[in-house]
Engineer: 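Quick one: structure below, then a few questions.
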Amino acid sequence: MSLRIGALSKLSGIPSPTLRAWELRYGAFKPVKTPSGQRLYARSEASRAVLIRLLADQGFSLQQLANAGLNELLSLKDSSRQGDDSFAKQTPKLKKQQTAPLRDQSREALKVLILGESLPLRLLQSGIQAKLQSFGLSLEVGKQAPKAKHYADDRLGLVMLEIVSMLEQDCQAVLHIKAKLGSKPLMLLYRFGAAHLVSLLRNAGIAVYREPIEDERLVDAMSALCRSDRSQDEDAATVTRPRRYSIARIRQIAQSMPSTSCECPRHVSEILEQLLAFEDYSQQCLSNGAKDLALHAELLRVAAITRAQFEDALEAVARHEGFKL
């Protein structure tokens with residue numbers, strides 16, 4: 001969706017003359033011109049404008065910020081907040097003109113990947129930003145569904161997706177993303193959609209929220225999902241705990257335990273292996289096509305819950321045997 005400069009100004013909160021000055025002096029924006037000469041800007045430029053102003057206020061040069069992409073600006077903002085000079089080393093042209101605060105070493109920032117152009121602007125509001133920072137969350141924006149390697153990033157704590165009107169083909173695309181993510185959480189924000197589609201996505205372990213949702217509630221939900229908290233919110237899907245052990249590790253644990261008078265350790269490990277395999281198979285069925293989506297989503301949900309319970313059982317056996325995991 002393209003915007004005129006007045007709409008861009010309204011979204012970003014930056015006066016139109018300022019935006020024009022940034023464009024003319026520094027080339028900060030590259031609008032598309034219509035045959036009539038009207039400049040049209042991408043919606044994502046509103047997020048860039050907010051970040052450029054924020055970083056310029058912190059001492060960065062407008063000339064240096066103008067050519068940075070949205071994710072570069074987000075990374076620079078996080079690095080500035082943490083006092084981390086790693087981004088500056090990777091991008092020598094973007095250097096701050098004042099001393100940054102010391103980095104908080106208490107916890108490593110988790111990445112929130114946003115698929116969409118409107119949501120980043122909302123999350124860049126000062127109040128939301130402060131709370132996201134307090135939770136140790138950093139933002140990254142993707143215009144299209146990323147490749148599988150992006151989902152495997154250890155720092156990825158949450159993927160957020162926005163859809164205005166959710167149709168069946170959208171539902172299939174969301175389930176495909178969830179299958180790639182595995183145990184990592186996925187949050188969907190939508191405005192219009194059929195109840196059976198919403199139910200289907202929630203049964204697949206996706207946190208689905210209908211807009212409008214209050215900022216405070218949204219940020220709290222993001223933090224809970226990133227930290228694998230189990231939210232009791234009636235609108236949130238139950239978040240299954242991530243896998244604790246691989247099949248190889250389960251076998252190693254079973255073989256390393258002292259033998260008991262019964263076969264419980266072996267049986268628990270064998271059942272857990274089968275549940276892991278069935279969970280993977282259910283995810284594959286879910287992502288292969290639209291047929292029987294509701295059934296496969298329910299099977300995946302139940303398999304994941306049961307797998308987590310048998311992980312508890314394996315740990316209970318290990319404690320009983322005095323085996324340290």
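The structure presented is a predicted model; accordingly, all values stated were derived computationally and were not measured. Positions are given from 1 along the sequence.
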Engineer: Write down the atom of Leu3, the atom of Ala42, and the distance for their closest heavy-atom approach.
Structural biologist: CD1-O, 4.5 Å
Engineer: How far apart are the closest heavy atoms of Arg4 and Leu40, and which atoms are they?
Structural biologist: CG-CD2, 3.9 Å
Engineer: Can you find a pair of side-chain heavy atoms, one from Met222 and one from Val112, that are under 4.5 Å apart?
Structural biologist: yes
Engineer: Do any N or O atoms from the side chain of Ser47 and from the backbone of Leu121 form a donor-acceptor pair under 3.5 angstrom?
Structural biologist: yes
Engineer: Within the 4.5 Å heavy-atom criterion, are Ile177 and Leu115 side-chain neighbours or not?
Structural biologist: yes
Engineer: Does the side chain of Met166 come within less than 4.5 Å of Val198's, by heavy atoms?
Structural biologist: yes
Engineer: Answer whether the closest heavy-atom distance between the side chains of Leu276 and Ile250 falls below 4.5 Å.
Structural biologist: yes
Engineer: Please report the interatomic distance CH2(Trp22) to CG(Leu62), rounded to the nearest 0.5 Å.
Structural biologist: 6.0 Å
Engineer: Going by an N to O cut-off under 4.0 Å, is there a salt bridge joining Arg39 and Glu23?
Structural biologist: yes
Engineer: Counting only N and O atoms by type, is there a donor-acceptor contact under 3.5 Å from the side chain of Ser223 to the main-chain atoms of Val219?
Structural biologist: no
Engineer: Between the side chain of Arg307 and the main-chain N/O of Phe278, is any donor-acceptor distance below 3.5 Å?
Structural biologist: no
Engineer: List the steps and the verdict of side-chain contact (heavy atoms from CB on, under 4.5 Å) for Ile305 and Gln309.
Structural biologist: CA-CA 6 Å; Ile305 292 173; Gln309 292 172 338; 4.1 Å; yes
Engineer: Give the cluster check for Leu137 versus Ile213: same hydrophobic cluster or not, with ILVMFWY residues linked at side-chain heavy-atom distances below 4.5 Å.
Structural biologist: yes
Engineer: Please name the pair of heavy atoms, one in Arg266 and one in Ser269, separated by the smallest distance, quoted to 0.1 Å.
Structural biologist: O-OG, 2.8 Å
Engineer: Looking at Lys10, I want to see if its NZ is surrounded by more than 12 non-hydrogen atoms of other residues, nucleotides or ligands under 6.0 Å.
Structural biologist: no
Engineer: Check this for me, if you would: do Arg244 and Asp312 make a salt bridge, where the nitrogen-to-carboxylate-oxygen distance has to be below 4.0 angstrom?
Structural biologist: yes
Engineer: Could you walk me through whether Leu201 and His196 pass the side-chain contact (heavy atoms from CB on, under 4.5 Å) check?
Structural biologist: CA-CA 9 Å; Leu201 294 176; His196 74 279; over 6 Å; no
Engineer: Does the Gln252 side chain pair with the main chain of Arg249, one donor and one acceptor, at a distance under 3.5 Å?
Structural biologist: no
Engineer: Pro265 and Val317: which non-hydrogen atoms are nearest, and at how many Å?
Structural biologist: CG-CG1, 3.6 Å
Engineer: Could you tell me the separation between the CG atom of Leu225 and the CG atom of Leu110, rounded to the nearest 0.5 Å?
Structural biologist: 12.0 Å
Engineer: So which heavy atom on Ala56 is nearest to which on Leu65, and how close?
Structural biologist: N-CD1, 3.8 Å
Engineer: Would a 4.5 Å heavy-atom cut-off, applied to side chains only, mark Arg48 and Leu73 as touching?
Structural biologist: yes
Engineer: Can we say Lys131 and Asp220 salt-bridge, meaning some charged N sits less than 4.0 Å from an Asp/Glu carboxylate O?
Structural biologist: yes
Engineer: Could you see if Val302 belongs to whatever hydrophobic cluster contains Leu175? Use Ile, Leu, Val, Met, Phe, Trp, Tyr and a side-chain cutoff under 4.5 Å.
Structural biologist: no
Engineer: Distance-only, no hydrogens or angles: does the Asp170 side chain make a donor-acceptor pair with backbone N or O of Leu167 under 3.5 Å?
Structural biologist: yes
Engineer: Give a yes or no answer on whether the side chain of Lys178 reaches the backbone of Lys184 with a donor-acceptor pair at less than 3.5 Å.
Structural biologist: yes
Engineer: Side chains of Ile128 and Arg122: does their closest heavy-atom pair fall under 4.5 Å?
Structural biologist: yes
Engineer: Give the C-alpha distance, both sets of side-chain angles, the deciding distance and a yes or no for salt bridge (charged side-chain N to carboxylate O under 4.0 Å, His left out) between Glu211 and Arg191.
Structural biologist: CA-CA 5 Å; Glu211 291 278 30; Arg191 287 191 176 272; 5.0 Å; no
Engineer: Quick one: closest heavy-atom pair of Gly13 and Arg53, and the distance?
Structural biologist: O-NH1, 3.3 Å
Engineer: Hey, could you give me the CG/CD distance between Leu55 and Gln64, rounded to the nearest 0.5 Å?
Structural biologist: 11.0 Å
Engineer: Rounded to the nearest 0.5 Å, how far does CD1 of Ile271 lie from SG of Cys264?
Structural biologist: 9.5 Å
Engineer: Can Glu273 and Tyr245 be said to form a side-chain hydrogen bond (donor to acceptor under 3.5 Å, both in side chains), step by step?
Structural biologist: CA-CA 10 Å; Glu273 282 187 40; Tyr245 310 103; over 6 Å; no
Engineer: Taking atom CG of Leu139 and atom CE of Met160, what is their separation to the nearest 0.5 Å?
Structural biologist: 8.5 Å
Engineer: Taking atom CD of Gln63 as the centre, does the number of heavy atoms from other residues, nucleotides or ligands within less than 6.0 Å exceed 12?
Structural biologist: no
Engineer: Kindly determine whether Glu162 and Tyr190 satisfy side-chain contact (heavy atoms from CB on, under 4.5 Å), including the steps that lead there.
Structural biologist: CA-CA 6 Å; Glu162 56 176 343; Tyr190 79 102; over 6 Å; no
Engineer: Any chance you could measure Phe192, atom CZ, to Ile163, atom CD1, to the nearest 0.5 Å?
Structural biologist: 13.5 Å
Engineer: Report yes if the side chains of Leu218 and Leu123 come closer than 4.5 Å at any heavy-atom pair, otherwise no.
Structural biologist: yes
Engineer: For the side chain of Ser12 and the backbone of Val50, is there at least one donor-acceptor N/O pair under 3.5 Å apart?
Structural biologist: no
Engineer: Do Arg217 and Tyr209 touch side chain to side chain, with heavy atoms closer than 4.5 Å?
Structural biologist: yes
Engineer: Walk me through whether Val141 and Leu113 qualify under side-chain contact (heavy atoms from CB on, under 4.5 Å).
Structural biologist: CA-CA 6 Å; Val141 180; Leu113 179 61; over 6 Å; no
